[in-house]
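Take a look at the structure set out below.
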2 protein chains.
Amino acid sequence: MNSLSILEPATDESCCAPAGTPALGAEEAKQKALVFKALADPNRLRLLSIVKAEASGESCVCDLTEPLGLGQPTVSHHLKILVDAGLLHREKRGTWAYYSLVPGALEQTAGLLASL
Amino acid sequence: MNSLSILEPATDESCCAPAGTPALGAEEAKQKALVFKALADPNRLRLLSIVKAEASGESCVCDLTEPLGLGQPTVSHHLKILVDAGLLHREKRGTWAYYSLVPGALEQTAGLLASL
């Protein structure tokens, strides 16, 4: 279960929150922060950008190291954080792992800002 | 100059990027990551949520400590990060500082995701 999918069935707690407590509850804030934490790194933003720009819709990890000038272990570490946050989908085929944007994930993340 | 205002006149570098380089440049990625870093903390998300929900449009720092159960130095630290990122506006009046959402800042941040 990744951060975005946990947030998906989010109930609107703000409508029933007693006066004086924040509109955004502590647990929901924690989950939302995890998604933004995944985005809070320049290399991860660039990885998302490359995967998004790929005409085929997916990128092999072997093609992601060179544009960033990073080693494969570092790139794989960043990719794992993006997958765990629910932003990227990972598929292993043969020797390599292929990454694609989770459909609607960036839009859903933008929606987290609107619903603060 | 805050992170969002630096990003405001962002030119669309992706249209002219040579093939093989990421659509998102290193410097632009660094600036965008700073905004998401400001959002990557549950207490800062809750602060934004409280300020946003305030009918008068602004919150006194003296009203922001109790709902979060944090001390004022900690709350002031988080508020400074949100101001530096261009998400909150700070106005000192008398003894207290008052915080309001920078108009359009959350929408502009959502736009950063769309333009990755």
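So that the names make sense, note that chain A is the first sequence line, chain B the second, and so on, each numbered from 1.
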Residues B:Lys32, B:Ser115; criterion side chain to side chain donor-acceptor pair (under 3.5 Å); working and verdict: CA-CA 11 Å; B:Lys32 289 191 178 189; B:Ser115 67; 3.1 Å; yes
Joint hydrophobic cluster, B:Leu88 plus B:Leu34, side-chain heavy atoms closer than 4.5 Å: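 Per the 4.5 Å side-chain linkage, B:Leu88 and B:Leu34 are not co-clustered.
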B:Leu112 reachable from B:Ile81 in the ILVMFWY side-chain graph, under 4.5 Å edges: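 Shared cluster, no.
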Any side-chain heavy-atom pair of B:Ser76 and B:Val61 under 4.5 Å: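 The answer is yes; the side chains approach within 4.5 Å.
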Option that, when pairs with chain B are counted at under 4.5 Å, heavy atom only, ranks first among A:Leu106, A:Leu48, A:Leu64, A:Asp63: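 Heavy-atom pairs under 4.5 Å are most numerous for A:Leu106.
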Shortest non-hydrogen contact between B:Ala114 and A:Lys52, atoms and distance: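 Heavy-atom minimum between the residues: O-NZ, 2.7 Å.
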A:Thr65 side chain vs A:Leu70 backbone, donor-acceptor pair below 3.5 Å: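 Here the side-chain-to-backbone pair does not exist.
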A:Leu113, part contacting chain B, at a heavy-atom distance under 4.5 Å: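 For A:Leu113, heavy atoms of backbone and side chain both lie under 4.5 Å from chain B.
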Basic-acidic side-chain contact under 4.0 Å: A:Lys30, A:Glu28: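 Looking at A:Lys30 and A:Glu28, the cut-off is not met.
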Residues of residues 35-44 of chain B contacting chain A, heavy-atom criterion under 4.5 Å, by residue number: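 Residues in range: B:Phe36, B:Lys37, B:Leu39, B:Ala40, B:Asp41, B:Pro42.
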